[in-house]
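Start at 1 with the first residue, then count along the sequence. First listed ligand is number 1; within each ligand, the first listed atom is number 1.
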Amino acid sequence: MLNSQDREFWFVVGSQHLYGADALEEVKEHAKEIVDSLNENAGLAYPLVFKALVTTADEIKSVMKEVNYDDKVAGVITWMHTFSPAKMWIPGTKLLQKPLLHLSTQFNKEVPWKTIDMDFMNLNQSAHGDREYGFINARLKINNKVVVGHYEDEEVHAEISNWMRSAVGFAASQTIKVARFGDNMRNVAVTEGDKVEAAIQFGWTVDYFGIGDLVEEMSHVTDKDIQSTYDECNKLYDMAPGDNDPEFFESHVKEQIKIEIGLRRFLEKGGYTAFTTNFEDLHGMKQLPGMAVQRLNAEGYGFAGEGDWKTAALDRLVKVMTDNESTGFMEDYTYNFTKGDEYIVQSHMLEVDPTFAETKPRVVVNPLGIGDKEDPARLVFDGKAGEGFTISMLDLGTHYRLVVNPFEAVTPAEEAPNLPVARVIWKPKPDFKTSIKKWIEAGGGHHTVATLALDKDVVLDWAKMVDLETVLID
Ligand code: MN
């Protein structure tokens, strides 16, 4: 996966000196045991590191400063084994610039009625400590996550792991750089947005380039480079010239490969992890980027068509959250209104993300009415089935909103011999009518990012971390 970074999370346990040195030693040992158990048994997406037992404002401040400055650390998980007066958490928590999860758990699973005494109660009082600590986080409005349950519980494991993915998304979001070749498609409304606000709120850099900059980069691509990628494609995909003359087919695929290599070099030089194209702005290009985009998607680059930088950045974000599994840019196309078998056909004119592919992609060269260029090469396949969700971001003028809708992706029952693009079919939840009505009422766009590889809470928690309004249709 492109630019994937090593990440870890720190575990901090809070207490106070009231209970004596022995009790504190026990608190520390228990915390370490919990961390070990989570690392071994919870299947967490990222490692958890026991960092400190903290009992004073200075200690808390010092840990939070370290969390902020260590790039490897994506967030901090706190636990109150005992009561930890929360005024001392104020300075450190105010400094914290990374996601915080308050784990409301307890070392013992059950109340030991036969042996319980006041010493036990003083040591094992998470229920007491959680409320004091939770109050100060609520008052500071830090958008932290609270996960409740015994640390050996599977639901707790899943919630922590999902939150870790959100937090890694939060970190990755600050580094997303989108290169836009051309502006937004003329007259389209929903793809517009306030780029300065996106930089402030989500950390996104969105830079414009003339398509000539890409054409220039492409001019340095050699025939040898192109042949080597062509050979690779021969192994990875079914070459499907169809009715095309073989030479015509090969030269058109190679032109697309030239775009791919030029694009990749351009993006690498500028440190871009996402990009957009616009079919209205192709001066000097022979084809609209199709297979080129798809193959870069497969490497982890975010993308959206028609200059839609918001969706391109979101695509990159969700690709980081899923390690680039079954995630990509999508567009709502055609409804099927058969009663009891309603669905939406999802596709794009060329650039459907091959991480969705259920079938081995075919390389196809076909005419494209849009863009007024040569027949572009594209990968064609049927999409996977499974549970997923789709998201769309819109700028309402006063603020950004994220619309989220779960769906069930199904395998197409029918062949589509005349459709030269990849297709993904989904049935939105809770039902077709409600979903579409609510989506339209919420202003959800036709460009989305869909994934089959993530719990929707991961995106919802990320939205909370960045103060983003969400509309969940479920
Ligand atoms: Mn589009």
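- Residues D231 and Q227 bring a donor and an acceptor atom of their side chains to less than 3.5 Å of each other.
- Side-chain contact, D130 with S104: a donor N or O sits under 3.5 Å from an acceptor N or O.
- Geometry note: the Mn ion (ligand 1) is the vertex, E306 OE1 and H348 NE2 are the arms, and the angle is 100° (rounded to 10 degrees).
- H447 contributes NE2 as its N, O or S atom closest to the Mn ion (ligand 1).
- Among R378, K254, R295, the single residue meeting the salt bridge (charged side-chain N to carboxylate O under 4.0 Å, His left out) criterion with E260 is R295.
- Looking at E331, its N, O or S atom nearest to the Mn ion (ligand 1) turns out to be OE2.
- Metal site remark for the Mn ion (ligand 1): H446 contributes no N, O or S atom at a distance under 2.8 Å.
- In this structure, K51 fails the cation-pi test against F11, since its NZ or CZ atom is not both closer than 6.0 Å to the six-membered ring centre and inside 45 degrees of the ring normal.
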